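Report on one structure; see the data block that follows.
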Amino acid sequence: MAPLPAQEAQPTTRRRRTCILSFTAARDRCLRRRFLSAGLRPFSIRLPSTAGPGTTVHVWAPPRPGRRAVLLLHGFGASATWQWEPYLRKLIAAGLDPIVPDLLFFGASSSPAPDRSEIFQARTVKAAMDAMGVRRFALVGVSYGGFVAYRMAAMYPEAVERTVLVCAGVCLEESDLSKGLFPVSDVGEAAKLLIPRRPAEVRRLVRLTFVRPPPIMPSCFLKDYINVLVQTISRKRPSCCTLSSTTGNFQIFRKLDR
């Protein structure tokens with residue numbers, strides 16, 4: 001694998017602190033330090049115009065990836081560091097090079113393009129991997145990242161060696177909701193869970209998605225989390241967030257307040 005090209009992948013500058021007393025921002029800084037201590041470095045890859053003018057993908061990766069690459073795609077959340085930090089050292093010890101991008105409109109990745117589909121996500125992630133010189137890789141996608149991973153595996157079989165989907169309902173259809181196969185009643189309720197606005201919505205999301213949810217979740221911490229999550233997504237200017245199954249029948253649209 002080639003080293004990261006200097007003209008396309010440049011180290012990112014440290015992000016400005018959102019709030020000096022923010023528990024969520026403090027945890028984010030702690031996770032970033034753990035990524036650094038594991039040997040990964042942050043890069044911003046500006047993609048060519050075919051991916052959309054001004055499209056930038058933020059990636060955590062080894063400075064010179066030379067072993068078998070495993071691409072880790074996060075679920076719906078503020079940034080990739082929130083999801084993948086516990087697994088970095090185990091993957092590295094197994095002889096793998098973890099590559100961890102922020103999907104577009106999350107974390108430090110952004111694009112002015114209006115496309116919000118998982119197909120567009122798949123194209124931009126693949127373009128970022130090409131810019132890094134990584135031609136073959138294994139792929140792991142969690143939740144929303146699983147939708148993107150599924151698309152990447154279908155679109156780029158020559159690049160994806162194997163794919164692991166974790167908690168990704170790529171075959172789920174809207175009719176399945178009414179049959180009780182998913183713990184929400186309709187698409188609108190699912191959308192509210194993805195971008196919570198109140199502490200009670202965060203608590204419900206955690207209880208639905210965690211095997212062992214925390215017994216105590218103070219509202220002050222949950223409000224802080226909501227502020228960071230919404231601000232992170234909103235500043236990337238997404239007019240809506242879309243989840244589509246492989247059949248195109250299950251879609252979630254969520255308008256963000258300006």
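These numbers were taken from a predicted model, which means no experiment stands behind them. By convention here, the first residue in the shown sequence is residue 1.
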The reported gap from NE2 in His58 to OG in Ser79 (rounded to nearest 0.5 angstrom) is 9.0 Å

Arg27 and Thr81: side-chain donor and acceptor closer than 3.5 Å? no

Practice task
Indicate, with yes or no, if Val70 and Val164 share a hydrophobic cluster defined by side-chain heavy-atom contacts under 4.5 Å among Ile, Leu, Val, Met, Phe, Trp and Tyr.
Solution key: yes

Report task. Quick one: do Asp224 and Ser22 satisfy side chain to side chain donor-acceptor pair (under 3.5 Å)? Show the steps, please. Result -> CA-CA 7 Å; Asp224 179 57; Ser22 170; 2.8 Å; yes

Applying ring-ring contact (aromatic ring centres under 6.0 Å, His included) to Phe35 and not counting sequence neighbours gives Trp60

Begin with the C-alpha distance, continue with both residues' side-chain angles, and end with the deciding distance and a verdict on side-chain contact (heavy atoms from CB on, under 4.5 Å) for Tyr150 and Thr163. CA-CA 8 Å; Tyr150 190 93; Thr163 305; over 6 Å; no

Q. Given side chains that start at C-beta, do those of Gln121 and Phe147 come closer than 4.5 Å, heavy atoms only?
A. no

Sorted by chain and residue number, the salt bridge (Lys or Arg N to Asp or Glu O under 4.0 Å) partners of Arg198 (sequence neighbours excluded) come out as Glu201

For Pro199 and Ile226 the tightest heavy-atom approach is N-CD1, 3.8 Å

Minimal heavy-atom distance between Gly107 and Asp102, with the atoms involved, is CA-OD2, 3.5 Å

Could you check Trp82 against Thr24 for side-chain contact (heavy atoms from CB on, under 4.5 Å), going step by step and ending with a plain yes or no?
CA-CA 10 Å; Trp82 292 19; Thr24 305; 3.6 Å; yes

Heavy-atom nearest pair, Leu36 first then Pro42, reads CD2-CD, 4.0 Å

### Query
Going by heavy atoms in the side chains, are Met217 and Val202 under 4.5 Å from each other?
no

**Asked** Are side-chain heavy atoms of Leu40 and Ile92 found at a separation under 4.5 Å?
**Response** yes

Scanning both residues in full, the closest heavy-atom pair of Ser143 with Ala168 reads O-CB, 3.5 Å

Would a distance-only check, ignoring hydrogens and angles, find a side-chain to backbone donor-acceptor pair under 3.5 Å from Arg41 to Ala61? no

Q: Output yes when a side-chain donor or acceptor of Arg67 lies under 3.5 Å from a complementary backbone atom of Leu96, and no otherwise.
A: yes

Query raised in the report: So if you build clusters from Ile, Leu, Val, Met, Phe, Trp, Tyr with side-chain heavy-atom gaps below 4.5 Å, do Leu72 and Val166 land together?
Result: yes

Within one Ile-Leu-Val-Met-Phe-Trp-Tyr cluster: Leu165 and Val140, side-chain cutoff 4.5 Å
no

Discussion item. I'd like to know if Lys126 and Asp130 make a salt bridge, using a cut-off of under 4.0 Å between side-chain N and carboxylate O.
Written reply: yes

Would the Phe76 and Phe106 ring centres measure less than 6.0 Å apart?
yes

Q) Does a side-chain heavy-atom distance below 4.5 Å link Pro101 with Leu71? A) yes

Among the clusters formed by ILVMFWY side chains lying less than 4.5 Å apart, do Leu88 and Leu31 turn up in the same one?
no

CG (Leu222) and CZ (Arg203) are apart, to the nearest 0.5 Å, by 5.0 Å

- Does Ile216 reach the side chain of Phe221, with side-chain heavy atoms less than 4.5 Å apart? no

Checklist entry - Is a side-chain donor or acceptor of Ser110 paired with a backbone partner of Thr56 at a separation under 3.5 angstrom? => result no

field: Min side-chain heavy-atom separation Arg34-Pro86 under 4.5 Å
entry: no

Surrounding OH of Tyr87 (heavy atoms of other residues, nucleotides or ligands, distance under 6.0 Å), is the total greater than 12?
no

The reported gap from CG in Leu104 to CG in Leu47 (rounded to nearest 0.5 angstrom) is 8.0 Å

Here the pair of heavy atoms bringing Leu103 nearest to Ser109 is O-CB, 3.5 Å

ask   = Honestly curious: do Val59 and Leu91 fall in one hydrophobic cluster under the side-chain, below-4.5 Å linking rule?
value = no

- Message: Is it the case that the side chain of Arg151 and the backbone of Arg123 share a donor-acceptor pair, with hydrogens and angles ignored and the cut-off at 3.5 Å?
- Response: no

d(Gln83 CD, Leu73 CG) to nearest 0.5 Å is 10.0 Å

Side chain Glu161, main chain Arg136, donor-acceptor under 3.5 Å:
no

Residues Pro63 and Gly39: closest non-hydrogen pair is CD-O, 3.5 Å

One should read off an interatomic distance between Met152 CE and Thr124 OG1, to the nearest 0.5 angstrom, of 8.5 Å

